[in-house]
Amino acid sequence: MKIKLSKSDIDGALVTQISKVSGEDFKQCYQCGNCSGGCPVSYAMDIPPSQIIRFLQLGRFELVMEANSMWVCVGCLQCYSRCPKGVSAANILEAARQLSLRKGTDHERIEDLPVSFLKTAPQQAIVCGFRKFVS
Amino acid sequence: MLKIPYYPGCTLSTVAKEFDTSAKDSAIKMGFEIEDLPQWNCCGATFPLTPDNIMGLTAPAKVLAGAEKAGDTLTTLCSVCYNVLKRTNRVLKDDKEKLSTVNEFMEEEYAGGVEVTHYLEVLRDQIGFTKVTEAVSRPLKGVKTAAYYGCMLLRPFEDMGIDRAEAPTIMEDLLKALGATPVFFPDRVECCGAHLAMDKPDIVSKLSGNVIDSAAREGAEIIVTSCPLCQYNLENTQAESGSALPIVYFTQILGLALGQDEKTLGFEKNKFSPLALLRYKELL
Amino acid sequence: MSRIGVFICQCGTNIADTVDTEKVAEEMKKIPGVVHTQDYKFMCSSPGQKMLKEAVKKHRLDGMIVSACSPHMHEKTFRRACESAGINPYMCEIANIREQCSWVHHDKTKETGTVKSLDLTRMTIERLKKNQPLKPNKIPVNKRALIIGGGIAGIQAALDIADGGREVLLVEKTPSIGGNMAKLSETFPTMDCSQCILTPKMVEAELHENITLMTYSEVEKIEGFIGNFRVTIRKKARYVNEELCTGCGDCWDKCPFKQDSEFEHGLKKRKVIYTPFPQSVPNIPVIDAPNCAMLQKGKCGVCAKVCGPKAVDFEQKDIVVEEKVGAIVVATGYDLMPNEHFGEYGYGRIKDVINGLQFERLASSSGPTGGKILRPSDGKEPQSIVFIQCAGSRDEKKGVSYCSKICCMYTAKHTMLYRHKVHDGQSYVFYMDIRSGGKRYEEFVRGAIEKDGAMYLRGRVSRVYEKDGKVIVQGADTLSDSQVEIEADMVVLATALVSRPGADTLAQKLGIGYDKHKFYNEYHPKLKPVETVTAGIFLAGTCLGPMDVPESVAQGSAAASKVLVLTSSDEMIKDPTTAIVNDFTCNACWDCVVACPYSAIEKTDIKDREGNVIRRLAHVNDGVCTGCGTCVAACRSKAIDLKGYTDEQVYAAINAF
Amino acid sequence: MSQENTEETQATETTETFEPKIMAFVCNWCTYAGADLAGTSRMEYRPNVRIIKLPCTGRIDPLFIIKAFENGADGVLVSGCHPGDCHYTAGNYHAKRRWIAFRSLMEFTGIDTRRLQFSWISASEALKWVDLINNVTDEIKALGPFMDFKNLKG
Ligand SMILES: Cc1cc2nc3c(=O)[nH]c(=O)nc-3n(C[C@H](O)[C@H](O)[C@H](O)COP(=O)(O)OP(=O)(O)OC[C@H]3O[C@@H](n4cnc5c(N)ncnc54)[C@H](O)[C@@H]3O)c2cc1C
Ligand SMILES: Cc1cc2nc3c(=O)[nH]c(=O)nc-3n(C[C@H](O)[C@H](O)[C@H](O)COP(=O)(O)OP(=O)(O)OC[C@H]3O[C@@H](n4cnc5c(N)ncnc54)[C@H](O)[C@@H]3O)c2cc1C
Ligand code: SF4
Ligand code: SF4
Ligand code: SF4
Ligand code: SF4
Ligand code: SF4
Ligand code: SF4
Ligand code: SF4
Ligand code: SF4
C-alpha cells in the first residue's frame, strides 16, 4: 500500500470524529502491539487492533471502516486492560461501530438469526448483540 | 437476618433461573437474604464503550435509582449485569454532568448513593469465607474444580476492582472454603466469545474451546462460572467437541456443599451434570 | 634463603575438616630450609598474626609460607604482618589450601586434601626460596594536568581539577572553547538554553586562576609516563596579539572579505578576521590566514589599520612550547558524519536538506536567522519538516554500525522547537527505533508525539528528491505496512556522530587505544570507564563514543577526580611486580617492545664518554609497566624477567611438583 | 605426592588405579579467581591438578610446559581470561599466538597434543573450571601415564 501523507490526513475530520466519539487520543498509542497480541479475536480481524489505531494515526479512516475488525471485536477489554498507555482499542472499535450504525445501517438483522439460537441463548447475548450490531 | 437488595437481571429470571435460586437458597443457609428489587428493568447487557453514548447509561441508571430506594448496596450475580451496573454507577458518581443529563431521562432521579457489589464479594467481605466453611455440610473433598472468570467480572480493573484482574483468586478461595480443590488454569480470564455466539459461532467455538482445553489439561473435573453467557458458550462448544466437563454456576456448587437437596439446584438443565461425578466420588 | 617458617591454617574447621594440618606441618619441617612449622586455628586472627610475628623473631625467619585461604583473601594481611615483623613483605607467599583444596575436595578421610596440601605447600616453599626482597616503586608525580579539547567535557574536567587546587592547561584546537555544545539552541531533556548554561562555565574557565587556556593550539608530541609527561604544544599564529586585543570587534567589522562560518555550518558568513561566535572565549579574533588578502597577497591590512590598540600582527608565528604535566585528560569530542554519505537524501545537493547541527543553528536565537525556522533555499517558513533518524547510523554498509545514541533525543527536541516556533507546522519523523533511555527521556519523546503532534513513522527513508519547490520524501511505515510519501518543505537528517578526523593520530601520540570507528577505548567499559590503558591518561566525553551533555559532564568530572587522586600525593607507590632487563644479555631484538601491550619498554642507547652509542638496550619504565609478563615470554634471549614471577621462581615451583 | 613415591607407585599402577598428575598454569585475574569461586561455592572436582598462578597468560613461557612434562606431569592445562577480557588488555592474545605455535611444536616432537589443553575461564565460571578439571583428568587418565620425558629425565 502507498500512502501520501499530509497534515490534512493526520488531522482529518473523520479521524477527529472517531477520536471524539471513542474518547481516545490516537497519539497516545505507541504501537507496542500488546492489544493485538492479547486480543482473542485479532486472528479473525482484517486489521488487528493496534494497526487499526495506526491507520487512524495516519488518517486512514476509510481503511478502518472497511475492515471487519469492529464487528469481530467482542468487547472483552483485554486490549484496554493490558495497554501500557491506557488506550482502549475496544472504545475505538466501538466508536467505529457507532459511526457505522448511526448512519442507520444495521450490521445484523434479527430475521437472519437461527431460531435455535434465539430460543436457547441467554437474553443478555441477544440484548448485547443487538446493541453492538443494530442501530 | 441481613437482607441485601438484589438485581437478578433478565437472564437469571429466565434461562439461568438455577443461578438465581441456588444463590438465594444458599444465602439463607449462610444466614442472609438477597431480595429482588421490587421493580427492575434490563441493564442493557453492555456497558457503552463510547463516552458520548449517554443513552446507554439510562437503563442501568434506572436500576440504580430503584436500588437507591431499597438501600445503599445492590448485589448481583450475573457478571455482565455486575459489570454494566458497576461501571455505570462509577461514571455517574464521578461525572455529575452526566448524572444530571441521565436524570433528565428518568422518572426517578438517581442521587449516586448505591454501592454495587457482586454476590462473591458479599461472601468474601461481608460473610467471610470462614463462615461459609462453617456452613458447609457436604464438603466437596477432592473435587477438582476450575473457576472460569471470563472478562466482565474483572475488567476493567480500575472500575471493577473485585480482585486482581490478571490473577484473581476470589472464586478459588470460595472453592477452597467449600472443601473443593481449585484448579488454576491459564485461560481462566480469557474471553469465551460472548455475544459473537449470535453471528460468529465459529469464533466462539474456538475461544470457548481454548478455555475448556486449558482447564481440562490442568485436570479440571468441573468448571464454575458466574456468567450465563460464558456458561452457554462453554457448554455449547463442549457439546460440539464431544468433551463433557460439567459447566455450572458457582452458586450451584455452593448449594451442594451447603447440603441443599441436589434436585433443587437445577442440574437437570445442564448438558453435563456434575452429579454423577460427585456420586462416583461418594460425596453424595 | 635459609630460614623459612611455614604456617598451616585450620580456618576453624574449614580447612581442618578435610586436611590434616598437623601432618602438613610435620611433613614440611623435613624440607631443607624450613626451620619452623606450625598449624593454627585462625591464622588471620589477631592472635594468629601475633604468633607469626613472634615466630619471625624467635626463629629468626627470613621468609614465610602461609598455607591458608586464597591469596586474594589475605595475602595483604600476612605480608603486612611480615613487614611489621621486620622481613620484606614479598618474602611471604601463600599456598591456597582452602578455596583450591579443602573446599573442593570433600573427602572426610582427609587423605585427598592432605596429599594436595602437601604438594601445594611444598611447591610454594620451593618458589619462596627463589624470592627476592622487593621494594614498591616510587614515582614522583607532577601535579599539573593537561586537558586536550575544550568542549563541555574538557571544560568540566578543567574546572573540577582547578577547583581541587591543581594547575590545569586547557588546550583547544579552535579559536574558542565551547565545542559543539556552544552551537546548540536548547537542550534536552529540560530545554534550557545551551548558551545560558555553557557561557558561564566558559567564562569561569577563562578567569580561573588555576586554568591556563591555550586556544588555537594543538598537541604535537607526548613523551614520558604517568606523573611525568612532557607535552609539546603548537600555538598557532592568530595574527592578533592576545595581550593587546580588547575584543572590540572593529577589525572584523571592517574586514572586506567573507568566508562560510564553520560555527554556523555554512548557514552564515564570517569575516576573514573573526571570532567563531559572539560569546567566544577568549573573545580574541584570529585571522583565517589562507583567505587573508594581506597574508596571501600583501594587500589589505584594513584590520590592522582600524585596530585601536594595534593588536593585529601579521608577523606573528606559530609558537611551540613544551609543558610538563602529571596527568592528561583527552576530551576531543565528535563530529557529524560528512555530507557525502547521504547521496540518496540529497544532502549537499538539495539546499533544504540540512543536518542536525544546522537545525540547531536555525533554532538558536543567536543563529543566522535569529531563531526563526526558515529554510535555506528561499528563507520561507517551512510548513512541514521531515526528520530522518539514523542517517548514517546503524548502517553497516554505507555508514557506521553503531547507534549514535543522542539523535533520537535531539530529533524529538527539534520537532518540539519547530512546533513551538511554527505553530501549525507538521513534523514527521522516520525512525527505526526510538532510543530514549535516560531519566525523563522517554517522557520527553512522548511529549513530542503526544503534545506537540510530531508524526512518527517507523521506517527508514529510501530517498529524497525535489519536485516543484517541495522536497519529496519517500519512505516506509512498517507499522501499517505501507510506503509513505510526504511532500515536505525541509528535511533534517539526524546524522551519525563520528570521531574527529585525526582522532587516530592523536591516539597514537598518546599511546591510547581506539576502536575501528576511532573512538577512544576506555580501560574497562564498566569498571574503568574514563581510564585508558596508559596510566595517567584519562578520557571524557564524546571522544569515547556518542553521548549527551549530562554524560559528557559526568565523565569530565569523573576524569577530574581520577586526576585529583593521582595528584593527591607527591609520589605514586606502584606494585614492584614489574619487568626488568638484564643489560648484559639483551641483544636489542625489540621483541619485548613489540609484545608489551603498554608500551612500557623503551629502546635506550648506551653511550661512551664521547657520546657515541655503543650499544642499544631495552629498558622497562617502572612507571608504566603493569607486570603482565608478556615481554618475558617473548624474549628469546631470556634477558627480561618479571620481578615476583621470575623464571627461577616458576621453575622452582614446577620442579617441586 | 612427592617425586619418589610417585615413581614407586607408577611401576605397579594399572590404568584403573592410575591417578594422573596435572599441572595448571593460570592467570591471576580470571581463571585463578574462577577456581577460587569453585571453592567458595563448595563445588567438588578431581584432586589431580596443581595450580601455578601467573599474572597473565602472556607470562606463560612454552618452556614452563615442557618443564612440567619433564617433572612428571601427565597433562598440562593453560587457562586465562577470555579473549577481550584480559586484565592486561592483550596478554592473552600474545599467549594464544604462542600456544598455537607451541602446539605444532608438540606435535612435531611427538607428544600427544591431547595432553596439553587450553581454555578460557573467567572469574565467574566456577562450573566451567570444575568441568574442565574433571574432563581433563578423565581424558589424561584414559591416555595413561606420560612416560617419554620422565624416561628422558630418568
Ligand atoms: C544536533 C545535535 C543536538 C544535540 N542536542 C543535545 C541536547 O539537546 N542535549 C544534550 O545533552 N546533548 C545534545 N547533543 C550532544 C552534545 O552536543 C554533546 O554531548 C556534547 O557537545 C559533547 O561534548 P564534548 O566536550 O564531548 O565534545 P565537543 O563539544 O565536540 O568538544 C570537543 C572539543 O575538543 C576540541 N578538539 C578536538 N580535537 C582536538 C585536538 N586534537 N586538540 C585540541 N582540541 C581539540 C574541539 O575543537 C572541541 O572544542 C546534541 C548533538 C547534536 C549533534
Ligand atoms: C537484570 C539486570 C541485569 C543487569 N545487567 C547489567 C549488565 O549486564 N551490565 C551492566 O553494566 N549493568 C547491568 N545491570 C545494571 C546494574 O545492576 C546497575 O547499573 C548497578 O548495579 C547499579 O549499582 P549501584 O551501586 O548504583 O546500585 P545498587 O547495586 O542497587 O547498590 C546500592 C546499595 O546501597 C544499599 N543501600 C540502599 N539504601 C541504603 C541505605 N539507606 N543505607 C545504606 N545502604 C543502602 C543497597 O543495599 C545496595 O547494596 C543490570 C541490572 C539488572 C536489573
Ligand atoms: S496496547 Fe495500547 S499502546 Fe500498545 S498498540 Fe495497543 S493501543 Fe497502542
Ligand atoms: S475488546 Fe475487542 S479489540 Fe479489545 S481485545 Fe477484546 S476483542 Fe480484541
Ligand atoms: S587465614 Fe584464611 S584460611 Fe586462615 S582462618 Fe583466616 S580466612 Fe580462614
Ligand atoms: S584585534 Fe584590535 S580591532 Fe580586533 S578585536 Fe582586537 S582590539 Fe579590536
Ligand atoms: S588583512 Fe586579512 S583579516 Fe585583515 S581585513 Fe584584510 S583580509 Fe581581513
Ligand atoms: S539514537 Fe536514535 S536516531 Fe540516533 S542512531 Fe540511535 S536509534 Fe538512530
Ligand atoms: S626481547 Fe629480550 S633481548 Fe630482545 S630487546 Fe627485549 S629484553 Fe632485549
Ligand atoms: S611486564 Fe607487561 S607491561 Fe611490563 S614491560 Fe613487560 S609486557 Fe610491558
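In this text, all values refer to a predicted model and were calculated from it rather than measured experimentally. Letters A, B, ... mirror the listed sequences (proteins, then strands); counts begin at 1. We use all heavy atoms of the structure for the numbers below, so side chains are in, but hydrogens, waters and symmetry mates are not.
Note: Gln100(C) leads Gln100(C), Glu27(C), Glu99(C) in heavy-atom pairs under 4.5 Å with chain D. Counting heavy-atom pairs closer than 4.5 Å to chain D, the top residue among Leu120(C), Thr626(C), Thr577(C) is Thr626(C). If you tally non-hydrogen atom pairs under 4.5 Å between each of Gly644(C), Pro71(C), Cys631(C) and chain D, the highest count goes to Pro71(C). Among Val130(D), Val49(D), Leu63(D), the residue making the largest number of heavy-atom pairs under 4.5 Å with chain C is Leu63(D).
By the 4.5 Å heavy-atom criterion applied to side chains, Thr37(C) and Glu26(C) are not counted as neighbours. Between Ile97(C) and Ile15(C) there is a side-chain heavy-atom pair separated by less than 4.5 Å. By the 4.5 Å heavy-atom criterion applied to side chains, Trp129(D) and Ser119(D) are not counted as neighbours. Contact of the Glu19(D) side chain with the Lys141(D) side chain is registered, since non-hydrogen atoms from C-beta on lie closer than 4.5 Å. Using a 4.5 Å heavy-atom threshold, the side chains of Leu116(D) and Ile65(D) count as touching. In this structure, Tyr520(C) and Thr532(C) have side chains that are not in contact, with every pair of non-hydrogen atoms separated by 4.5 Å or more.
Neither the backbone nor the side chain of Met73(C) comes within contact range of chain D, judged by heavy atoms closer than 4.5 Å. Both the backbone and the side chain of Ser70(C) have a heavy atom closer than 4.5 Å to some heavy atom of chain D. At a 4.5 Å heavy-atom cutoff, the contact between Asn28(D) and chain C is made by backbone and side-chain atoms alike. Interface remark: Met23(D) contributes backbone and side-chain atoms alike to the contact with chain C (heavy atom separation under 4.5 Å). Using a 4.5 Å cut-off between heavy atoms, Leu54(D) contacts chain C through both its backbone and its side chain. Ile133(D) does not touch chain C: none of its heavy atoms, backbone or side chain, sits under 4.5 Å away. Interface remark: Lys638(C) contributes side-chain atoms only to the contact with chain D (heavy atom separation under 4.5 Å). Of the two parts of Asn521(C), neither the backbone nor the side chain holds a non-hydrogen atom closer than 4.5 Å to a non-hydrogen atom of chain D. In this structure, chain C has no heavy atom under 4.5 Å from any part of Leu37(D). Interface residue Phe25(D): only side-chain heavy atoms are found under 4.5 Å from chain C. Heavy atoms closer than 4.5 Å to chain D are found in both the backbone and the side chain of Tyr645(C).
Between Phe146(D) and Phe69(D), the gap from one ring centroid to the other is short of 6.0 Å.
Tyr90(C) and Gln132(C) form no side-chain donor-acceptor contact under 3.5 Å, judged by distance and modelled atom types alone. Using modelled atom types and a 3.5 Å distance limit, the side chains of Thr646(C) and Asp641(C) yield no donor-acceptor pair. Using modelled atom types and a 3.5 Å distance limit, the side chains of Asn96(C) and Asp36(D) yield a donor-acceptor pair.
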